[in-house]
Each structure stands twice: as structure tokens, then as C-alpha cells.
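Numbers restart at 1 for each chain; the letters A, B, ... are given by sequence-line order, proteins then strands.
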There are 2 protein chains.
Amino acid sequence: MNQSVSKATLGRLPMYLSYLKSIPTKEVTNISAASIAEALNLHPVQVRKDLALISEGGKPKTGYVAENLLRDLEKFLGYNNVNCAVIVGVGHLGQALMSYEGFSQYGLKIVATFDVKDTLIDKEIHGKKVFSIDKIPYLCPRLCANIGIITVPAEAAQSVCDKLVEAGIRAIWNFAPVILNVPEGILVQNENMAASLAVLSNHLSETMNKS
Amino acid sequence: MNQSVSKATLGRLPMYLSYLKSIPTKEVTNISAASIAEALNLHPVQVRKDLALISEGGKPKTGYVAENLLRDLEKFLGYNNVNCAVIVGVGHLGQALMSYEGFSQYGLKIVATFDVKDTLIDKEIHGKKVFSIDKIPYLCPRLCANIGIITVPAEAAQSVCDKLVEAGIRAIWNFAPVILNVPEGILVQNENMAASLAVLSNHLSETMNKS
DNA sequence: TACAAATCGATATTTTTATATCGATAAAAA
DNA sequence: TTTTTATCGATATAAAAATATCGATTTGTA
């Protein structure tokens, strides 16, 4: 178990977790891949394959022990451990993320924010102080930050990324619409809102033409 | 051109657009797939294949005409047309999205927000009034909303989705960690923050163990 | 105890996506 | 005019992901 779980799978694991949390484990002690698949609109085989990667495995006829599965998922996803993150780019999106308090439930803690704009630096926004980008090398190691959230414009993203990596950041959550270049061992997770909107917008214009 | 562009491609198109916008079209009139690929850390062949789907095509030796490419991308992505959207679920995430003013650049306009909580209904948050979820069937058609943004907890997502679809919504941007069931012709775009965090968190715990 | 039903896990197949190869062509240089 | 070079587009291959198939195993029941 636990060796090179694909990103696609990794994306479904939180769904399983959230689903298991939503059912009363007291009543439902056992649960089958088929019923999970049914509830989440997935393919049963896919569910089995995903779960096989992170859990002890189920038994024929009875399925999985819900409680164990829940424990395995939580352990694997590591929502219990706290990870410290910094946000670089205090624009609209950055501020939106700063104000979002739901991160804590996934074990994410925003410990500092950075920007280049003089009008922002040293101000406090959503209870978090904004530092100059020049302070990244100093502050990131000191605050033990290991996740960098990039919300700067596309053209600035790569240079910010380089700074973060140099400051010891090991995982990057990138909201800028570029593919970042990073050394081996650093993970980049792209959260491309523009891409999502493109998909939506494209669908609308396509169906518009049809009707 | 323009027939069944894959989601993966659709995700890269905004990158091309953002890149083209970032270079001075006055100076650079022609641009090659190779140089775009270089700038965005993509594969040249991939860029050519993507662009072939939405553009007139380039010429050997010279590449693509930057201006035309930009026009084709904008036209295809439809950022010029305004699409009206509603947000359902005025929790932390919903409020964060409500306060995000960057959507307008993609032609997205939030025209209403909904929630079930009495303490929120009829209040004004970030300049937008919150309505009762019961008003979805009435307000969505009236406001010509065709995109629904779902930011409710996982267990409520499907029922909200059904309501939206019934109210004429044709595309759904889903932030809840569930796969939604929709009739033929309705698009669901999943924006799973939990999934992204899972990827980050998993990477950190994996590299942690190694070192 | 024997049999039927449910469900898993392993292997195989299909589909989708990404990458490689190569001939064709347009522009520039000889 | 011929040759060289950059670049595209088409076709082919490889890799990744999703889905199907099927034998094996456990539990409950006759």
C-alpha cells in the first residue's frame, strides 16, 4: 500500500472521506465499494482500485469496515498534521484565500502573506500581515512554511516560484495560469480557475449555438 | 475547427491567451508553437495540436500570426460574452468567491447568492444580497443565470444541483467534494480544493518520510 | 454440509491523453 | 534559381487512466 498514488486517485480520496464522514458509522459498520460508487457517481471498480492503494482491503460479501476505511483515509491524507503555508500575491484572489477559514479543516495554516505593492506591505489584511516579497528567504524557513500559494499575475509566477523553492518550500499551490518550472522533488499543484471558467464558458457557447 | 475539444486542452487554452496578452503584439507579430511551449513549459507538439483545434493554423517557417491567434482564443473562450452566475452556499468559500472581483475579466458576473441559513437570508454580503434557496426556481430564470456555483457542504450538493438544473442552469461549477449527477447536456466542472490539498499534503508527507 | 449470493482483487481491454517521428512547405540565403 | 532552415500538420507510438471481465472467497441459508 501507498506507493505512487496517481493524481486522479488522490483527487477522489477526499470524496471517499467526506462521504464516509457523512454516514452514521454507528449504524453502518460495513460498506461496499459498490455502494460508495453509487453514492459518489463513480465506477465500482475505480473505487476498489483506489481504496486498495490506501487501505487494508475489504472482505468479500461484507465489503470494507467503514471505521477502518475512515481511519486509513484520514491517515493517508494527513489532514491531522498541520502544514504551514504562505500566500504570495495579495490581490483579489489572494485576499479571498486569506479570508477563507475552511483551510484549517484540511490541516492548512496560512502563516504569512507577501506582495510587492508598497500600499499593501506592512498593512494587516484579514488579520494577516503582508510582508515584502524580499522577506521570503528570511521568513519562510523561520515560520517552517512548506507550502507556497501563488496568486500573482502569470508573468510574475515563475520568479515567485523560484524564490519560494529557494526558501525551502516543497509544495506549491499555483493559481496563476502558467506551468511552473521546478526542480526535482518539488510538487506543483495547479488550480486554474481560468481553465475551469473556460470549460464552463465553452459549454455554454456550444449549447447556445446548438439550440 | 472547434469540435469536441478535450478538457485537458480546454485547460491550456487560457494559458496561451494569457501568454499572448503578456507579449507586445506590436513587436512580435509572429510566434511559433515551439516558443509558446518554451514559455509555458509545455510540449511543442501539444501546443500545435491544441491550437489546430481553435485557430486558422500557422504557416511553416513563420509560425502563427500572434494577433489572429489571440483573437481566435478570445473568441473560442468567449470571455467577451458575459455569463450570469449564481452562488449557492454563502459559507466561507462562497463568501470568498463573492468577494473575488477577478471574475469579470473572464466574463463572469455573479447576479445572486442563495443560502438556507436564516441568519444570512436577506442580509447583504460583499454588496450582494443573500436569498433563500427556495427562491432559486423563481430568481434564476428571471436573472437569466446560466451558471450555478455550488459551495455548500458535500451532503447538500446534489439537491442544490437538482434545483439549479430545474431552474434552467446549464453549467455548474462545483466546489463540493462529490460527483454530481446531472441530465444530459448539463456541464459540471469540479473545482475540488480538498483534492488539491490532498495532493499537496500527500507530497509533503511522502518526502518527509524519505528524508 | 452443500449451495447461493455478494463482493473483493487481479488481470485484461478500452479509451483518453501525451509524446515522438517525419514528410511537406514557406521564407530566407546562397 | 537552388539550397537551407524553421516550422507546421499528419500519422504513429507510448503512457496513463478508466472500465470490463472473471475467478476466488466469505457469509448466510437450505
Inter-residue atom distance A:Leu93.CG - A:Met193.CE, 0.5 Å rounding: 5.5 Å
All side-chain hydrogen bond (donor to acceptor under 3.5 Å, both in side chains) counterparts of [X], not counting sequence neighbours:
X	value
B:Asn68	B:Arg71
A:Asn146	none
B:Ser6	B:Thr9

G-U wobble or Watson-Crick pairing nucleotide for C:dA30 (cut-off 3.5 Å, both distances): D:dT1
Restricting both atoms to N or O, compile the protein contacts to nucleotides 23-27 of chain D shorter than 3.5 Å, with distance only.
from   : atom 1 : to      : atom 2 : distance (Å)
D:dT27 : OP1    : A:Lys59 : NZ     : 3.0

Residue-level proximity of residues 26-33 of chain B to DNA chain C when a heavy atom falls under 4.0 Å: none
Residues from residues 189-199 of chain B lying under 4.0 Å of DNA chain C - heavy atoms: none
Pairs where residues 76-92 of chain A contributes a residue and the test side chain to side chain donor-acceptor pair (under 3.5 Å) is met, not counting sequence neighbours: none
Using a 3.5 Å distance criterion without hydrogens, assess whether the side chain of [X] forms a donor-acceptor pair with backbone atoms of [Y].
X	Y	value
A:Ser201	B:Leu77	yes
A:Asp115	A:Val90	yes
A:Ser32	A:Gly63	no

From B:Ile136, B:Ile169, B:Ile149, residue fulfilling side chain to side chain contact (heavy atoms under 4.5 Å, CB included) relative to B:Val88: B:Ile136
By ring pair (Phe, Tyr, Trp, His ring centres under 6.0 Å) - contacts of B:Tyr100 (at least two apart): B:Phe103
Side-chain donor-acceptor distances from residues 154-163 of chain B under 3.5 Å, at least two apart:
from     : atom 1 : to       : atom 2 : distance (Å)
B:Gln158 : OE1    : B:Asn181 : N      : 2.9
B:Gln158 : NE2    : B:Asp162 : OD1    : 2.9
B:Gln158 : NE2    : B:Asn181 : O      : 3.1

Please give, in whole Å, the distance from [N] [atom2] to [X] [atom1]?
X	N	atom1	atom2	result
A:Lys7	C:dT17	NZ	P	16 Å
B:His43	D:dT13	NE2	C1'	13 Å
A:Leu51	D:dA18	CG	P	14 Å
B:Ile36	D:dT7	CD1	C1'	12 Å
B:Gln46	D:dA15	CD	C1'	13 Å
A:Asp50	C:dG9	CG	C1'	14 Å
A:Leu53	D:dA18	CG	P	12 Å

Polar atoms only, N or O, under 3.5 Å: list the protein pairs with nucleotides 10-16 of chain C and their distances.
none

Please tabulate, for side-chain N and O atoms in residues 104-112 of chain A, each donor-acceptor pair with protein atoms closer than 3.5 Å (sequence neighbours left out).
from     : atom 1 : to       : atom 2 : distance (Å)
A:Ser104 : OG     : A:Glu101 : O      : 3.3

Phosphate contact (D:dG9 OP1 or OP2) by B:Tyr64 side-chain N/O below 4.0 Å: yes
Phosphate OP1/OP2 of D:dA17: any A:Arg12 side-chain N/O under 4.0 Å: no
Nearest non-hydrogen partners of B:Leu17 and B:Leu73, listed with the distance: N-CD1, 3.7 Å
Contacts of type salt bridge (charged side-chain N to carboxylate O under 4.0 Å, His left out), residue B:Glu38, not counting sequence neighbours: none
Whichever of A:Leu42 and B:Gly63 has its nearest DNA chain D nucleotide further upstream toward 5': B:Gly63
